[in-house]
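Structure record follows, encoded as structure tokens.
Residue numbering restarts at 1 for every chain, and letters A, B, ... go by the order of the sequence lines. For clarity, every value in this text was computed on a predicted model and none was experimentally measured.
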There are 2 protein chains.
Amino acid sequence: MLSQTVEYALRAVVYLADQSPNARTTSQIAEATHVPPAYMSKVLQGLCRAKVLRSQRGIGGGMSLVNAPEELTILDVVNAVEPIGRIESCPLGLKVHGVHLCALHRRLDNALAAVEDAFRSTTLAEVLADPNPSVPLCDLPGRST
Amino acid sequence: MLSQTVEYALRAVVYLADQSPNARTTSQIAEATHVPPAYMSKVLQGLCRAKVLRSQRGIGGGMSLVNAPEELTILDVVNAVEPIGRIESCPLGLKVHGVHLCALHRRLDNALAAVEDAFRSTTLAEVLADPNPSVPLCDLPGRST
DNA sequence: TCCTAATTGGATATTGACATCCAATTTACC
DNA sequence: GGTAAATTGGATGTCAATATCCAATTAGGA
């Protein structure tokens with residue numbers, strides 16, 4: 001349902017939010033998130049193009065968040081990589097349906113809208129602050145690695 | 001977000017629910033739903049294997065619903081084709097997370113659960129009975145074709 | 001039994017998602 | 001200016017989703 005690339009992008013952003021405002025290299029991000037480095041590189045490039053991340057080349061460079069974790073939502077990340085494909089008009093191309101979706105597509109789109117809302121209402125800061133015994137990306141209980 | 005195959009399957013089932021309990025041929029279904037006939041054939045085969053549809057060969061044969069539209073939910077159809085990939089355990093394979101998802105994956109899975117619930121709570125009969133000016137699959141206002 | 005209607009399954013083609021590798025480029029620091 | 005660190009972009013490979021076509025099979029009806 002959610003693509004692998006979205007999953008990878010979210011891991012990277014969670015990691016960078018935790019390290020914020022410091023920058024981390026692609027290798028560091030890939031290792032921390034257990035994602036193939038070469039592929040993570042492409043994912044990060046996409047997040048840069050979408051202005052979610054900024055990149056800095058050369059020694060001491062790397063990737064960092066453009067906005068503070070409090071200002072960055074899960075939806076921002078998802079949209080940057082692969083937007084929720086909301087159903088805007090009749091997928092069958094039926095003219096008369098136009099803006100008014102039929103009962104089937106109205107219900108499908110409502111479900112997609114609910115996902116969008118859930119993602120829009122959660123910031124990366126909230127994810128990191130969650131009082132959860134399992135810390136994101138971290139193999140040990142507690143913020144140790 | 002939802003695959004093309006799921007969309008096609010839902011169109012076919014909506015059409016067959018409207019025609020229920022009569023059978024319709026693959027060609028009729030494909031034409032009514034604006035789906036490539038050869039591909040629709042494969043989609044219908046899958047729905048038969050999942051016991052959502054039954055097939056009858058020979059003259060007068062075709063595809064028909066196994067259950068009444070009142071007993072068939074959108075989720076039944078979605079699950080038959082491509083189940084909602086709920087997040088059961090940590091996608092990173094981190095041992096300590098196990099059943100207890102981290103804050104990130106807990107939120108992602110909650111969104112998926114919401115979609116599942118929405119789909120589970122809607123029957124095909126409800127879709128057909130919806131007082132909506134746009135009739136599913138039908139190019140004209142009102143149940144005419 | 002024969003003919004026709006209809007599904008079934010296999011083979012095949014195409015496209016995008018996922019993934020890898022490397023040369024080129026940019027940048028910091030000596 | 002030179003060197004090492006780091007991203008960038010292009011080329012490439014693999015695989016699953018999408019899509020098409022057809023021979024084989026099943027079944028109804030004259």
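- The backbone N or O of A/Ala68 sits nowhere less than 3.5 Å from a side-chain atom of A/Glu71 that would complete a donor-acceptor pair.
- Judged by atom type and distance alone, A/Arg57 does not reach the base of D/dT8 through any side-chain donor-acceptor pair under 3.5 Å.
- A straight line from CD of B/Gln28 to C1' of C/dA5 spans 12 Å, rounded to a whole angstrom.
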I would like to know whether A/Asp76 and A/Phe119 meet side chain to side chain contact (heavy atoms under 4.5 Å, CB included); could you show each step before the answer? CA-CA 8 Å; A/Asp76 291 329; A/Phe119 287 176; over 6 Å; no

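- Between A/Cys48 and A/Ile59, the residue whose closest nucleotide on DNA chain D is further toward the 5' end is A/Ile59.
- If you measure from atom CZ of B/Arg24 to atom P of C/dT7, you get 12 Å, rounded to the nearest angstrom.
- An OP1 or OP2 oxygen of D/dG28 is reached within less than 4.0 angstrom by a side-chain nitrogen or oxygen of B/Gln56.
- At the phosphate of D/dT7, OP1 or OP2 sits under 4.0 Å from a side-chain N or O atom of A/Thr26.
- Looking at B/Arg106 and A/Asp130, no side-chain N of the basic residue comes within less than 4.0 Å of a carboxylate O on the acidic one, giving no salt bridge.
- Listed candidates were C/dT7, D/dA19, C/dC21. Nearest to the side chain of B/Tyr39 is D/dA19.
- Between A/Tyr8 and C/dC18 there is no side-chain N or O to OP1 or OP2 distance below 4.0 Å.
- With B/Asn67 contributing its side chain and B/Leu72 its backbone, the two residues share no donor-acceptor pair below 3.5 Å.
- Summary of the strand contacts: A/Val6 and B/Leu44 both lie near DNA chain C, and taking for each the nucleotide with the nearest heavy atom, the more 5' one is attributed to B/Leu44.
- At a threshold of 4.0 angstrom between heavy atoms, the contacts of A/Gln45 include nucleobase atoms, whether or not backbone atoms are also involved.
- Put simply, CE on B/Met1 is 17 Å from P on D/dA17, counting in whole angstrom units.
- B/Ser3 comes within contact range of the sugar-phosphate backbone alone, with a heavy-atom separation under 4.0 Å but no base atom that close.
- Remark: P of D/dA5 and CD1 of A/Ile29 are 18 Å apart, rounded to the nearest angstrom.
- If you measure from atom CE of B/Met40 to atom P of D/dT20, you get 12 Å, rounded to the nearest angstrom.
- Taking atom NZ of B/Lys42 as the reference point, atom C1' of D/dT20 lies 10 Å away to the nearest angstrom.
- For the pair B/Glu82 CD and C/dA17 P, the computed distance is 14 Å after rounding to whole Å.
- Distances shorter than 4.0 Å separate some side-chain N or O of B/Thr5 from OP1 or OP2 on D/dT18.
- Contact check for A/Leu47 versus A/Met63: no side-chain heavy atoms found under the 4.5 Å cut-off.
- Separating the CD atom of A/Glu7 from the P atom of C/dA17 is a distance of 17 Å, rounded to the nearest angstrom.
- Closest to the side chain of A/Ser41, out of D/dT8, C/dA11, D/dA11, is D/dT8.
- Remark: A/Ser55 is in phosphate contact with D/dT8, judged by side-chain N or O atoms under 4.0 Å from OP1 or OP2.
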